[in-house]
Amino acid sequence: MSETPSNTLQYRFDGPEEAPVLILGPSLGTTWHMWDRQIPELTKQWRVFRFDLPGHGGAPAYPAGSVGDITTRLLATLEGLGVQRFGYAGCALGGAVGIELALRHPERLASLALIAASPRFGTADEFRQRGVIVRTNGLDPIARTAPERWFTGGFAAAQPAITEWAVQMVRTTDPGCYIASCEALASFDVRPELGRVGVPTLVLVGSDDQVTGPAEARTLVAGIPDARLAVVPGASHLVPVEQPAAVTDLLVRHFSTAWQPAYETSTGQTALPQAALKPVLSPAPPQPPQTGPVAEIAPVAVAPQVQGRPDPYDAGIKVRREVLGDAHVDRALAQADDFSGDFQELVTRYAWGEIWHRPGLDRRTRSCVTLTALVAGGHLDELAFHTRAALRNGLTPGEIKEVLLQAAVYCGVPAANSAFKVAQQVIREETTPQE
């Protein structure tokens, strides 16, 4: 067990001290105990390192809002322990950490297993919506529905003790850290980068996984040069718990046969891998996210860089999507035509790229200001989607109520009366847990 400062993770070791280190990464809402049934066999060959996500399993509640942040804390923990090179197996969010390690720190990784993982987990809107529900209702609605996301119906019915364990594991997670982990998954998208994963990789998935199923697994295998697929029948998302023997056997075989040696130069220094294990063409320029395999293409000529102030459009579209949601922005852009397209570009560039992107106010504060201004102007259509945005930006329904009460004093009771009706409907829709 460990003392855990804010820049590291809670961890435990099992197995002989002289053995090579194998790290097991957990899924969102779980603890290191999800791997309990793999430990007896794995510790015959490896010193197994397990960690908890922030606020999970009693770990200190220091939220980590990106996969990169979690990975940095993991590496800081390993540095403190003197662990330089290791194998890594991660489930779901833990798998995202494994991909991040392979892309950003390949010299540390000897072999990789990705379980119930994906290069992009659903849509950003789905995870940010989950954050809204947790912020409003707590973790109980998420906890109660965890077994149907994690296990097949037959397993859940036959194993009531494990099902209840899963519910309690989620229920005892720190809500703020759970919301931050949702944000980490919302912003994770490495589809254009999969071709740079140069470590031997096992992609393992349950045949009945409805969260990150065989389709996502095949995307990983198609994109990673040295990857193979294993589909475990009769298992859903938390496949190490539902089919422990099959998962253990696959991990033992993979890490026993695909443990890549350290890259040493003549000076004894660790070097980065020089090439992927499959032939590739010249490095490709960054490509936009796509659902199919990433094609390798020759580099294109780079246009001369124009000196001057950068165009705020790219920053604007990113912030606009994060605040209003992909669905809303996609709908607005799809409806634009020759008449309204220039207006959509203006809004993206100046409202979102110039103002919302400024660092002087946080997004919660900007939402408060925006709601008040919309009440004053009587812009009820805009008030509806900015109420949704306020929830996504971290305001609670109670805080939105306080903003509207304040607006009633300074903008007028009739205006606030209409605003309360709009906001009440939106809050009901956005914060009602999905059964």
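Below, all heavy atoms of this structure are taken into account, side chains as well, without hydrogens, waters or symmetry copies.
Residues Val241 and Val247 are not in side-chain contact: their nearest non-hydrogen atoms beyond the backbone lie 4.5 Å or more apart. Contact of the Phe51 side chain with the Thr77 side chain is not registered, since no non-hydrogen atoms from C-beta on lie closer than 4.5 Å. Between Thr30 and Trp150, some side-chain heavy-atom pair lies under the 4.5 Å cut-off. The closest side-chain heavy-atom distance from Glu322 to Arg128 is below 4.5 Å. At a threshold of 4.5 Å between non-hydrogen side-chain atoms, the residues Asp140 and Arg144 count as touching. Side-chain contact between Phe255 and Leu42 is absent, with no heavy atoms from C-beta onward closer than 4.5 Å. Taking the side chain as every heavy atom from C-beta outward, Ile115 and Pro240 approach each other to under 4.5 Å.
Side-chain contact annotation: Ser111 with His254, donor-acceptor N/O pair under 3.5 Å present. No side-chain donor from either of Arg135 and Thr396 sits under 3.5 Å from a side-chain acceptor of the other. A side-chain donor from one of Asn393 and Ser367 sits under 3.5 Å from a side-chain acceptor of the other. With hydrogens and angles left out, the side-chain atoms of Gln344 and Arg320 include a donor and acceptor closer than 3.5 Å. A donor and an acceptor atom, one from each side chain of Thr145 and Arg149, are located under 3.5 Å apart. Between the side chains of Gln335 and Ser340, no donor N or O sits under 3.5 Å from an acceptor N or O.
The backbone N or O of Pro54 sits less than 3.5 Å from a side-chain atom of His56, completing a donor-acceptor pair. Looking at Asp52, its side chain never comes within 3.5 Å of a backbone N or O of Tyr11 through a donor-acceptor pair. Using modelled atom types, no side-chain atom of Arg12 and backbone atom of Arg50 make a donor-acceptor pair closer than 3.5 Å. A donor-acceptor pair under 3.5 Å is formed between the side chain of Glu242 and the backbone N or O of Thr152. Using modelled atom types, one side-chain atom of Gln129 and one backbone atom of Glu430 make a donor-acceptor pair closer than 3.5 Å. Under a 3.5 Å cut-off, the side chain of Thr163 and the backbone N or O of Ala156 do form a donor-acceptor pair. At distances below 3.5 Å, at least one donor-acceptor pair connects side-chain atoms of Ser207 with backbone N or O atoms of Gly234.
What you find for Ala124 and Ala186 is that their closest heavy atoms are CB-O, 3.4 Å. Scanning all heavy atoms of the two residues, the minimum distance from Val232 to Ala246 falls at CG1-CB, 4.1 Å. Between Val167 and Pro147 the shortest heavy-atom distance is CG2-CG, 3.7 Å. Heavy-atom minimum distance, Val329 versus Ile317: CG1-CD1, 4.0 Å.
Taken to the nearest 0.5 Å, the NE2 atom of His33 stands 14.5 Å off from the CZ atom of Arg37. One distance of note links CG of Leu53 with CG of Asp174; it measures 12.0 Å at 0.5 Å rounding. Rounding to the nearest 0.5 angstrom, the gap separating the CG atom in Leu75 from the CD atom in Glu100 is 9.5 Å. Rounded to the nearest 0.5 angstrom, Ile23 CD1 and Leu112 CG are separated by 11.0 Å.
Under the side-chain hydrogen bond (donor to acceptor under 3.5 Å, both in side chains) criterion, the residue pairs touching residues 407-427 are Gln425-Glu429, with sequence neighbours excluded. Residue pairs meeting the ring pair (Phe, Tyr, Trp, His ring centres under 6.0 Å) criterion with at least one partner in residues 309-336, sequence neighbours excluded, are His328-Phe385.
Not less than 6.0 angstrom separates the ring centroid of Phe86 from the ring centroid of Phe49.
Ion pairing of Asp189 with Arg191 is present here, as a side-chain N (NZ or NE/NH1/NH2) and a carboxylate O approach within less than 4.0 Å. The pair Glu107-Arg85 fails the salt-bridge criterion, with no side-chain N (NZ, NE, NH1 or NH2) lying under 4.0 Å from an Asp/Glu carboxylate O. Electrostatic pairing of Glu183 and Arg130 does not count as a salt bridge here, judged by no charged N lying under 4.0 Å from a carboxylate O. A salt bridge links Arg364 with Glu399: the distance from a Lys NZ or Arg NE/NH1/NH2 to an Asp or Glu carboxylate oxygen falls below 4.0 Å. The pair Asp125-Arg321 does not meet the salt-bridge criterion, since no charged nitrogen lies less than 4.0 angstrom from a carboxylate oxygen. Using a cut-off of 4.0 Å between Lys/Arg side-chain N and Asp/Glu carboxylate O, Arg366 and Asp362 are scored as not salt-bridged. In this structure, Asp69 pairs ionically with Arg73, as a charged nitrogen and a carboxylate oxygen lie closer than 4.0 Å.
With sequence neighbours excluded, the residues satisfying side-chain hydrogen bond (donor to acceptor under 3.5 Å, both in side chains) with Arg349 are Asp311, Glu345.
Geometrically, Arg47 engages Phe13 in a cation-pi contact, judged by NZ or CZ lying under 6.0 Å from the ring centre and within 45° of the ring axis.
Note: Phe127 and Phe121 have perpendicular aromatic rings, judged against thresholds of 30 and 60 degrees for the angle between ring planes.
Residue-environment remark: CG (Asp381) stays at or below the threshold of 12 foreign heavy atoms within 6.0 Å.
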